[in-house]
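Notes follow once the structure below has been shown.
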Amino acid sequence: MKKFLAITLALAMVLALSVVAFADDAKPGEGITIGVVYKQSGNAYFQAGVEGFQKAADELGFEFMHDGPEDSSNDGQERIIRNYIDQGVDVLAISANDAAGLVDVCKEAKEKGIVVLSWDAKVDPEGRDLDIEPASAKVIGITQLESLAESCGYEGKIGIVSAGATAPNQNLWISFIQEEFANNEKYANMTLLDPVYGDDDYTKSYDVTKALLDANPDLKGLIVPTTVGGPAVSKCIKDEGLTGQVKVTGLTLATDMAEYIHEGIADATFLWNPIELGYVSSYVGVAMVNGEFEAAEGATIEVPGFEGLQVTVSDDGGLILFLNKLNEFNDETVDGWIGIL
Ligand code: RAM
């Protein structure tokens, strides 16, 4: 009998230990679904963002779906979001084509208890819980202006070839470029043209650049704050025989721009790592669903490989979290990034 009791006790202990072990193995994201929505499909920048969500999904155990409209439209994004709400996602992670355009559908999602994050390009404060951005819009804007001004010797006429006319991230960066340009004496011998828009479409970006070059034969440089626009604008300058005469800077993928940087069309371009944006957004979403992190001013979150992630109040009055990492791609550094970004 004693032996029987001892065996039963031993078995019970093994069972109890394995339950604990199983509980330890449970990943914090299990049972959670994230719906990732980006500005448009077929954009390598967002494919890199998705890699970040995938990396976090492998670590945290959540499921995710991802999609973006072909045409960079607000309506297309709204349809994708409604579909995700119907499918019962726990988190929406959105890079918006229009900050105001998605507020209503995002409010509906929030009312249903869905955590709504924007990343890369914000949804206005009423429609989001938290916006996750690479760095402050002012730093991103001024870094490009200063780089191009230096390339142009602080003289002459420069322009901007942007993404969509309603793109929240580009418009914010441009507003800081314009403000700094108007207020800093350094740029007194330069002229800044109004932006033109290539809609994150390669052909359209090429065509608007051609029109700008034709209309401004004295143009000295272009700021291109979009990964799709950067190579299209550079190709146009090259085709027009203006290499070295019209300089480019902007926010680009290294892989797309290496050739143009080595040829001297761009001295330097910049970008954060979109993989990291997707990765951090995932950790934030899972922690919010699990009640381990609340989006509130001053709140901090631990994400592997990151330090000092803290929520602050954004220029628009909503909550924001910055990664604070900006990489420079130049003749010496760009090749080291090929294949990564
Ligand atoms: C394009 C998109 C994206 C922006 C990058 C720099 O891929 O417009 O929103 O962050 O460029």
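Counting convention: from 1, in listed order, for ligands and their atoms alike. Residues: numbered from 1 along the sequence shown.
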Ligand-side contact atoms (ligand 1) for residue partner Asn43, heavy atom cut-off under 4.0 Å: 1 (C), 7 (O)

Neighbour count >12 (heavy atoms, 6.0 Å) for atom CD, Glu294: no

Under 3.5 Å side-chain donor-acceptor pair for Tyr279 and Glu51: no

NZ/Lys138: more than 12 non-hydrogen atoms of other groups inside 6.0 Å: no

Neighbour count above 12 (heavy atom, 6.0 Å) for Glu307 CD: no

Aromatic ring pairing Phe181/Tyr187, orientation class (parallel under 30°, perpendicular over 60°, tilted between): parallel

Best match, Thr226, Asp120, Thr252, Asp199: closest heavy atom to atom 3 (C) of ligand 1: Asp120

Proximity flag Trp173 to ligand 1, non-hydrogen atoms under 4.0 Å: yes

Sub-4.0 Å heavy-atom contact, Phe46 with ligand 1: yes

Protein heavy-atom partner closest to atom 7 (O) of ligand 1 - residue, atom, separation in Å: Thr227 OG1, 2.6 Å

Residue-ligand contact Val228/ligand 1, heavy atom below 4.0 Å: no

Ser95-ligand 1 polar pair, N/O distance under 3.5 Å: no

Those atoms of ligand 1 less than 4.0 Å from some heavy atom in Gln170: 2 (C), 4 (C), 8 (O), 11 (O)

Numbered atoms of ligand 1 (with element) below 4.0 Å of Asp200, judged on heavy atoms: 1 (C), 2 (C), 8 (O)

No-hydrogen, no-angle side-chain donor-acceptor test under 3.5 Å, Tyr38 and Gln47: no

Heavy-atom gap Trp272 to ligand 1 smaller than 4.0 Å: yes

Test log, rule ring pair (Phe, Tyr, Trp, His ring centres under 6.0 Å), inputs Phe53 and Trp119: CA-CA 12 Å; Phe53 283 97; Trp119 63 286; 5.5 Å; yes

